[in-house]
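All remarks here apply to the structure that follows.
So that the names make sense, note that chain A is the first sequence line, chain B the second, and so on, each numbered from 1.
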2 protein chains.
Amino acid sequence: MKIGQATIKDIAIELNVSASTVSRALKDYPGISDETKRKVKEVAEKLNYRPNAIALSLRKSRSFTIGVIIPEVVHFFFSTVISGIEEVAYSRGYNVILTQTNEKLSREMSSIDTMLSNQIDGFLVSFSKETTDFDHFSRLLNQGFPIVFFDRVPEIPHAISVMVDDYKGAFDATDHLVSQGYRNIVHLSGPLNLKISRERIRGYESALIKNGLLVNPDYIVECPIGTDHESQKITTKLLKSLPVRPDAFFASNDMAAVGAMLACKAAGLKIPEDVGIVGFSNWQFCTMIDPSLSSVSQPGSKMGAKATDILLDMIEKKLDPESITGPVVLETELLIRKSSVRI
Amino acid sequence: MKIGQATIKDIAIELNVSASTVSRALKDYPGISDETKRKVKEVAEKLNYRPNAIALSLRKSRSFTIGVIIPEVVHFFFSTVISGIEEVAYSRGYNVILTQTNEKLSREMSSIDTMLSNQIDGFLVSFSKETTDFDHFSRLLNQGFPIVFFDRVPEIPHAISVMVDDYKGAFDATDHLVSQGYRNIVHLSGPLNLKISRERIRGYESALIKNGLLVNPDYIVECPIGTDHESQKITTKLLKSLPVRPDAFFASNDMAAVGAMLACKAAGLKIPEDVGIVGFSNWQFCTMIDPSLSSVSQPGSKMGAKATDILLDMIEKKLDPESITGPVVLETELLIRKSSVRI
DNA sequence: ATCGATAACGCAAACGATTGCATTGAAAAA
DNA sequence: TTTTTCAATGCAATCGTTTGCGTTATCGAT
């Protein structure tokens, strides 16, 4: 037994034919006799031949691999997106290589670099919180390199993106809180440089206005990190400092919602009686905590699948990027649980 | 501007030298004049030259890429392992390609296949729940192919593995429950074909015996899926069916622990007064739920880092696999929270 | 017997980088 | 001047596969 994998040449030698014949026989090209095809396939089977994907990549200048760049896998939402991506990619014969940036711009840029030198066929990107300048993406886009952004999408020309309707999700959540009789609703927002954060603020504001309530900027508070710990501290402070005690919290993120919940409990407030709470993303733990947390669910897996389908269509030229004018927007769903129901 | 990346040949043409000279100049080989080196590097910079990793892989029969095979990224524990893996891999100049098996053996095998044809340098594996036969790994091991197993490790010869001390973790958890005065402790175990599940059962039993308590097989119940939903149903049933009502649950998994908690609450039992609960893995939500969940924390990131270091040492022949006799075992830590403290 | 057609296959270049082994030219030694 | 020496560079093969363009051999037609 040889070391390493059998190659086309091994088959060729065994059968005393040329490598080209083997190559063609394996792919059922015309101009090769049935007899030869049979023998070649037989020997290929015997030697457990597997085509060398690297050699193929070099020859075709294609790797059949797509690169995925996300902030962090520990985020439930992103892990569901990954599943959607893998599902579609594998079914269409592509590999996935994944890196997390840990919210660092430097990691984002170096990942792009190494993936490019690995001849990646296209990118699926949700950029880091640090990313405010998009030159490194624009350059690639201008070269016609296939990129699809998801969830965190940039506002630059020619960028193709898949996102959820953050505006509507936030609107629904806030509207729901109002319908439950809550009046002084704080919005714990995400980092303001992310468009999704700004869209959610817009949705929150619209819902207030629609219901004839005032928008008070003091009731919109940024939670840049987004952990429960951070929001717990912020909420505790808010409960003391705000002139009128808030009676509801709509958080841009479930962890932040939990932090608010813990802070309220610690302050002796009952949920949902005294304070209503709604989160965003529908993490697994929403149903595990007490009271269960209402949340806006984002179709993560679907988003990953959709983004991948578009990317692969672009790679395979089945799709003209110019034909896509606006972002693809997926619907959210408000899941009402105990934390926000008191009527 | 040319389409695509600049190659060594482009630099060579621009400077009227041969490709070999460029290659050597870029790597500061001796025998190239400083003048030439300077010019080559200058042009390389100007053309934004990046070595083609695919060509390099083909030439060296090495891809500087390792393949990671895990059951699911949504599991908090695995997502922390991934971070540890990436950290070490990138710092040592390797890429990571990741696939999740979704607990399916067929996916596990096909992933291995495609990664092999991508000339992966080695594998990091935590196998699926369906995997009971390890031939597909044994074959590779016998060929000397570098593989390191983590967390879920097989009991086959020559397999190198990194795991936590599941026995001691379970022992500590159970011992703690006993010390809090709980006497009828149920163990909600993981799938019995996984060694980690069996080790945790052993630890549970040893702790009971050490404290002079009886091991009752009826109090060891398998939760094959491991979701909160499943364990909630199982626990509800147990609370009714067992002759002596359990006063504590030690679950092999935090989600199962939460399920037990919800079932107990639904049955009108107070936690920790009536029932004590301890989980395993220390998911993020442990501190978010009420009461907070005691849990055995596994050093996921450390495990990923350690496994990767060993794998890369094997790949780079810095380490003789024969020199590793037993598994590398990392310590767990029992984090005591409210769900199990009543004294 | 000669020619053309056709089936079946081989040659060699190409993808991009590396590397052992020449080759070149000029300065130093004879 | 001739030979030696060495620095600086080029040639060509290699990794595994694909593919355009030959090259054979065989057979029927003329």
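Taking A:Asp28 as the reference, A:Lys37, A:Lys41 meet the side-chain contact (heavy atoms from CB on, under 4.5 Å) condition, with sequence neighbours excluded. With sequence neighbours excluded, the residues forming a ring pair (Phe, Tyr, Trp, His ring centres under 6.0 Å) with A:Phe123 are A:Phe145, listed by chain and number. Looking at residues two or more places apart in sequence or on another chain, you find a side-chain contact (heavy atoms from CB on, under 4.5 Å) between A:Phe64 and A:Arg62, A:Tyr94, A:Asp121. Under the ring pair (Phe, Tyr, Trp, His ring centres under 6.0 Å) criterion, A:Phe78 pairs with no residue at all, not counting sequence neighbours. With sequence neighbours left out, the side-chain contact (heavy atoms from CB on, under 4.5 Å) criterion links A:Lys306 to A:Val162, A:Ile310, A:Val328. For B:Tyr29, the ring pair (Phe, Tyr, Trp, His ring centres under 6.0 Å) criterion is met by no residue, not counting sequence neighbours. Evaluation of the side-chain contact (heavy atoms from CB on, under 4.5 Å) rule for B:Pro299 yields B:Val164, B:Lys302, B:Leu330 as partners, not counting sequence neighbours.
When DNA chain C is scanned in the 5' to 3' direction for atoms under 4.0 Å from non-hydrogen atoms of chain B, the outermost contacting nucleotides are C:dC15 to C:dG20.
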*Could you walk me through whether A:Ile69 and A:Met115 pass the side-chain contact (heavy atoms from CB on, under 4.5 Å) test, one step at a time?*
CA-CA 10 Å; A:Ile69 296 181; A:Met115 286 195 187; 4.3 Å; yes
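Listed by residue number, A:Leu58, A:Arg59 are the residues of residues 48-63 of chain A with a heavy-atom contact under 4.0 Å to DNA chain C. Within residues 16-41 of chain A, the residues that have a heavy atom under 4.0 Å from DNA chain D are, in order of number, A:Ser20, A:Ser23, A:Arg24, A:Lys27, A:Tyr29.
For the pair B:Asn118 CG and D:dG16 C1', the interatomic distance rounds to 14 Å; values are reported in whole Å.
Taking the screw axis at each terminus of the helix from C:dA1-D:dT30 to C:dA30-D:dT1 from five consecutive base pairs, the angle between the two is 80° to within rounding of 10 degrees.
Note on ring orientation: taking the six-membered ring where Trp is involved, the planes of B:Phe127 and B:Phe149 are perpendicular (angle over 60°, cut-offs 30° and 60°).
Side-chain polar atoms of B:Thr131 and B:Ser128 form a donor-acceptor pair below 3.5 angstrom. There is no side-chain donor-acceptor pair under 3.5 Å between B:Glu86 and A:Thr99.
Screening residues 301-328 of chain A for ring-ring contact (aromatic ring centres under 6.0 Å, His included), with sequence neighbours left out, gives no hits.
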